[in-house]
Amino acid sequence: MDYARPGAEKVRIAVSRVKHTAAEYQGVMVVNPGGPGASGLGLARLGRSVPHKAGDGYDWVGFDPRGVGDSEPKITCDGNYTSYARPPYVPSAPGVESAWLARTKGYADACAKNGAILEHVKTVDVAQDMESLRKALGEKQLNYYGFSYGTYLGQVYSTLYPEHVRRMVLDGNVDPQRIWYRSNFDQDAAFDRTIKVYFDWLAKYDGIYHLGKTGAEVQQLWYDQRARLDNAPAGGKIGGSEWTDIFLKAGYYVFGWQGMADAFAGWVHRGDWQPLKKLYDEANPQGDDNGYAVYASVQCTDAPWPKNWHRWRSDSWRTHFRAPFETWGNTWFNAPCANWPATSGHPVRVDGSKVSAALLISEELDAATPYEGSLEVRTLFPRSSLISAPGGTTHAGSLSGVACVDDKVAAYLATGALPERTAGHGSDVQCEPVPPPVPTAGKAKPKADSPAQQPVQRVLADLPRF
């Protein structure tokens with residue numbers, strides 16, 4: 001549990017492996033889907049989605065980080081924390097702010113029951129677990145594929161153990177200079193921009209959904225419905241806070257746009273709230289807070305958070321006035337950190353100068369990990385190359401069927417060849433983004449997610465996490 005006391009208490013890490021099938025063995029490929037708090041066991045299947053069988057030479061290894069899923073001990077705090085009809089997110093009415101402060105402090109207090117593990121779930125601890133895994137597998141070096149928060153884990157591991165890194169793909173890069181208080185406000189502005197792209201898409205298909213002929217009209221309708229639900233939750237369950245969480249996924253991925261559009265239209269035109277509840281429940285399984293509990297455990301202790309609530313309030317209102325879609329929801333999502341029952345550390349100073357090669361990927365309108373983070377990581381890893389997708393809003397979307405991106409991933413995994421690094425501070429090669437769906441009149445058929453991306457989307461798109 002504590003690498004400074006190796007003879008004391010232990011944790012157990014659940015690991016899965018899909019062995020290589022090619023004659024030429026390329027080594028172990030460790031995969032992490034992000035979160036933090038996401039189970040990685042299913043991602044051992046990711047290799048089958050790499051084109052041209054370029055993943056077949058690797059043993060693909062997924063794992064549940066400490067505290068997560070099948071690893072022991074499993075961190076939980078309050079399984080009913082995401083129950084229905086919570087207070088409105090925006091504390092513009094009397095009593096809302098105090099209600100959320102009490103609620104978030106209560107969650108932090110409930111988490112204290114987990115005991116000593118809370119002091120040892122920092123990203124550094126998980127990186128050390130990866131090093132233990134390397135040793136257990138008898139490998140001199142690891143290959144690594146990280147999505148979202150998993151990019152930060154890869155950055156930290158490669159800073160601590162650069163000689164043990166062979167090839168590394170980082171998709172949807174966290175900015176390591178802004179861990180974690182500042183990065184959440186970066187998200188707020190980015191999600192506000194990206195949700196407008198979704199509103200424009202809905203307006204484009206007004207003939208199907210009838211929600212507004214312009215993005216501005218759709219946006220006004222969306223906020224009107226949020227205010228309506230704040231006052232009277234649909235079915236006594238879906239209030240304005242749940243409404244926000246449901247549509248947050250539109251800022252992560254284009255894959256679910258049609259399902260959300262159907263639910264939006266069904267509610268507006270027929271008062272049908274059950275599809276909204278279904279979408280909320282899919283992202284927030286009632287009675288199970290393990291993912292969120294680990295998210296908080298990592299984020300609250302990786303780096304210090306302000307203890308003075310006036311700082312939180314001031315920064316949140318300032319950001320809300322220019323980015324009202326998600327700011328206060330994200331503030332309350334992270335507010336347990338103001339009272340977290342474990343000691344915060346200090347972030348690793350990420351340094352990729354000793355890493356021989358890394359492939360970075362980012363769509364340029366990614367909201368969860370804004371594009372500036374990938375540009376920063378490119379600077380910190382001087383032997384990396386960055387693939388960007390101008391205009392794209394999908395978060396951590398590699399191996400989703402865009403040949404321009406996926407073929408470059410395959411080439412790197414097969415031979416170690418990176419796109420040529422260019423001068424300047426931009427990306428090294430540009431590809432088209434994951435395309436948005438094209439609905440048809442009648443019942444729109446959603447685009448099927450690739451087998452590899454299904455678990456990544458599920459764990460990353462429920463609430464504002466990385």
request  = In sequence, state the C-alpha distance, the side-chain angles, and the governing distance for Q430 and S388, and then conclude on side-chain hydrogen bond (donor to acceptor under 3.5 Å, both in side chains).
outcome  = CA-CA 5 Å; Q430 297 79 44; S388 75; 4.5 Å; no
Judged by atom type as modelled, is there a donor-acceptor pair below 3.5 Å linking the side chain of [X] to the main-chain atoms of [Y]?
X	Y	result
N173	T369	no
S241	Y89	yes
Y412	M168	yes
D64	G40	yes
T151	D171	no

Salt bridge present between [X] and [Y] (N-O < 4.0 angstrom):
X	Y	result
K105	D109	yes
R182	D186	no
R378	D428	yes
K213	D206	yes

request  = Name all pairs fulfilling the disulfide bond (SG atoms under 2.5 Å apart) condition that reach into residues 222-319, sequence neighbours left out, sorted by first residue then second.
outcome  = C300-C337
Sequence neighbours excluded, every pair satisfying disulfide bond (SG atoms under 2.5 Å apart) that has a member inside residues 192-278 =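 Sorted pair list comes back empty.
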request  = Could you walk me through whether R86 and E242 pass the salt bridge (charged side-chain N to carboxylate O under 4.0 Å, His left out) test, one step at a time?
outcome  = CA-CA 8 Å; R86 297 164 296 153; E242 291 74 30; 2.8 Å; yes
query = How would you list, by chain and number, every residue that makes a side chain to side chain contact (heavy atoms under 4.5 Å, CB included) with D315, sequence neighbours excluded?
reply = Y181, F185, R311, R318
ask   = For K204, what residues pass the side chain to side chain contact (heavy atoms under 4.5 Å, CB included) criterion, not counting sequence neighbours?
value =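 For K204, no residue satisfies side chain to side chain contact (heavy atoms under 4.5 Å, CB included) once neighbours in sequence are set aside.
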note = Nearest heavy-atom contact between K122 and S344 is CE-C, 4.3 Å
ask   = Roughly how far, to the nearest 0.5 Å, is the NZ atom of K277 from the CD1 atom of I246?
value = 10.5 Å
request  = Any side-chain hydrogen bond (donor to acceptor under 3.5 Å, both in side chains) involving residues 194-203? Give me the pairs, sequence neighbours left out, ordered by first then second residue.
outcome  =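 Those involving residues 194-203 are D192-K196.
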request  = Among residues two or more places apart or on two chains, list those pairs meeting side-chain hydrogen bond (donor to acceptor under 3.5 Å, both in side chains) that have a residue in residues 215-224.
outcome  = Q220-D224
Under 30°, 30 to 60°, or over 60°: which ring-plane class applies to [X] and [Y], parallel, tilted or perpendicular?
X	Y	value
Y84	Y280	tilted
Y292	Y107	tilted
W60	Y145	tilted
Y252	H395	perpendicular

request  = Kindly check if the number of other-residue, nucleotide or ligand heavy atoms within 6.0 Å of NE2 (H52) is above 12?
outcome  =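 Atom NE2 in H52 is packed in, count exceeds 12.
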